[in-house]
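Take a look at the structure set out below.
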Amino acid sequence: MAAPVVAPAPAAAAPDFASMRGARAGQAEMGMERMGFTNVRQRGLTAYWLHAASNTCVRVVTSQGRYQTVDQVAPANCGR
(Lines give C-alpha, C1' and ligand atoms only; values in the text may rest on other atoms or scores of the structure.)
Protein backbone atom coordinates (compact mmCIF):
# COMPACT_ATOMS: atom_id res chain seq x y z
CA MET A 1 0.00 0.00 0.00
CA ALA A 2 1.43 3.39 -0.98
CA ALA A 3 1.95 6.11 1.60
CA PRO A 4 -0.61 8.90 1.44
CA VAL A 5 0.47 12.02 -0.39
CA VAL A 6 0.51 15.02 1.90
CA ALA A 7 0.46 18.43 0.27
CA PRO A 8 2.39 21.20 1.98
CA ALA A 9 0.29 23.63 3.95
CA PRO A 10 -0.44 26.76 1.96
CA ALA A 11 1.23 29.94 3.15
CA ALA A 12 -0.99 32.28 5.08
CA ALA A 13 -2.29 35.25 3.14
CA ALA A 14 -1.09 38.65 4.26
CA PRO A 15 -3.75 40.90 5.77
CA ASP A 16 -4.94 43.94 3.81
CA PHE A 17 -2.15 46.32 4.75
CA ALA A 18 -3.12 48.81 2.02
CA SER A 19 -5.93 50.03 4.27
CA MET A 20 -3.24 51.71 6.41
CA ARG A 21 -2.48 54.29 3.69
CA GLY A 22 -3.37 57.75 4.99
CA ALA A 23 -3.72 56.61 8.61
CA ARG A 24 -2.01 58.46 11.44
CA ALA A 25 1.36 56.86 12.07
CA GLY A 26 0.82 55.99 15.75
CA GLN A 27 -2.54 54.36 15.13
CA ALA A 28 -1.32 52.63 11.97
CA GLU A 29 1.63 51.08 13.81
CA MET A 30 -0.76 49.46 16.26
CA GLY A 31 -2.92 48.34 13.33
CA MET A 32 0.04 46.71 11.59
CA GLU A 33 0.94 44.87 14.79
CA ARG A 34 -2.67 43.69 15.25
CA MET A 35 -2.55 42.27 11.72
CA GLY A 36 0.55 40.25 12.64
CA PHE A 37 3.28 42.46 11.15
CA THR A 38 6.55 43.14 12.96
CA ASN A 39 8.63 46.26 12.35
CA VAL A 40 11.98 44.77 11.36
CA ARG A 41 13.84 47.83 10.11
CA GLN A 42 13.53 51.59 10.20
CA ARG A 43 15.54 54.20 8.34
CA GLY A 44 14.38 57.76 8.82
CA LEU A 45 10.71 57.92 7.86
CA THR A 46 10.78 54.59 6.02
CA ALA A 47 9.90 51.41 7.92
CA TYR A 48 9.86 47.80 6.79
CA TRP A 49 7.24 45.48 8.27
CA LEU A 50 7.31 41.69 8.02
CA HIS A 51 4.30 39.38 8.14
CA ALA A 52 6.22 36.19 8.90
CA ALA A 53 3.32 33.77 8.31
CA SER A 54 3.02 34.86 4.67
CA ASN A 55 6.63 36.05 4.21
CA THR A 56 5.25 39.43 3.11
CA CYS A 57 7.43 42.52 3.46
CA VAL A 58 5.79 45.94 3.42
CA ARG A 59 7.52 49.30 3.06
CA VAL A 60 5.87 52.22 4.81
CA VAL A 61 6.88 55.84 4.24
CA THR A 62 5.55 58.37 6.74
CA SER A 63 5.01 62.02 5.84
CA GLN A 64 3.41 64.69 7.98
CA GLY A 65 2.56 62.09 10.62
CA ARG A 66 0.62 59.81 8.27
CA TYR A 67 1.38 56.66 6.31
CA GLN A 68 1.76 58.06 2.78
CA THR A 69 3.20 55.03 0.99
CA VAL A 70 2.30 51.46 1.94
CA ASP A 71 3.48 48.89 -0.58
CA GLN A 72 4.69 45.32 -0.76
CA VAL A 73 8.37 44.87 -1.55
CA ALA A 74 10.69 41.89 -1.92
CA PRO A 75 11.13 39.83 1.28
CA ALA A 76 14.88 40.56 1.09
CA ASN A 77 14.07 44.09 2.27
CA CYS A 78 12.89 42.53 5.55
CA GLY A 79 15.93 40.26 5.86
CA ARG A 80 14.32 37.17 4.27
Side-chain angles (χ1 to χ4, degrees):
M1 187 173 195
V5 176
V6 178
D16 180 20
F17 55 84
S19 63
M20 293 291 117
R21 190 172 290 116
R24 291 180 187 212
Q27 294 170 339
E29 285 176 7
M30 288 186 292
M32 293 291 282
E33 289 170 352
R34 277 193 300 273
M35 287 190 283
F37 285 90
T38 302
N39 186 330
V40 294
R41 185 164 63 106
Q42 181 112 15
R43 186 173 185 179
L45 297 175
T46 301
Y48 292 87
W49 292 80
L50 176 66
H51 187 262
S54 65
N55 199 36
T56 300
C57 183
V58 176
R59 178 183 60 187
V60 174
V61 179
T62 303
S63 177
Q64 298 180 5
R66 294 189 178 270
Y67 277 17
Q68 296 298 319
T69 302
V70 181
D71 54 358
Q72 186 172 344
V73 294
N77 290 288
C78 286
R80 291 290 180 126

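We count residues from 1, following the sequence as given.
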Next on the checklist: What I'd like to find out is whether the side chain of Tyr67 reaches to under 4.5 Å of the side chain of Arg21, using heavy atoms alone.
Outcome noted: no

Checklist entry - Within a strict 4.5 Å, meaning less than it, do heavy atoms of the His51 and Phe17 side chains meet? => result no

Item to check | Closest non-hydrogen atom pair, Ser54 against Ala13 | outcome: CB-C, 3.9 Å

Item to check | pair Glu29-Phe37: side-chain heavy atoms closer than 4.5 Å | outcome: no

Next on the checklist: I'd like to know if the side chain of Asn55 and the backbone of Ala52 have a donor-acceptor N/O pair within less than 3.5 Å.
Outcome noted: no

Checklist entry - Going hydrophobic residue to hydrophobic residue with side-chain gaps under 4.5 angstrom, can you get from Val70 over to Tyr48? => result no

Checklist entry - Would you say the side chain of Gln68 lies within less than 4.5 Å of the side chain of Leu45, judging by non-hydrogen atoms? => result no

Checklist entry - With the 4.5 Å side-chain cut-off for hydrophobic clustering, are Val58 and Leu50 part of the same group? => result no

Checklist entry - Side chains of Trp49 and Thr56: closer than 4.5 Å at any heavy-atom pair? => result no

Checklist entry - Within the distance-only criterion (no hydrogens, no angle test), does the side chain of Asn39 pair as donor or acceptor with the backbone N or O of Arg41 below 3.5 angstrom? => result yes

Checklist entry - Arg66 side chain to Gly22 main-chain N or O, any donor-acceptor pair under 3.5 Å? => result yes

Checklist entry - What's the shortest heavy-atom distance between Ala74 and Cys57, and which atoms? => result O-CB, 3.7 Å

Next on the checklist: Distance check, rounded to the nearest 0.5 Å: Arg59 atom CZ versus Arg43 atom CZ?
Outcome noted: 13.0 Å

Checklist outcome for this item: dist Met35:CE -> Ser19:OG (nearest 0.5 Å) comes out at 5.0 Å

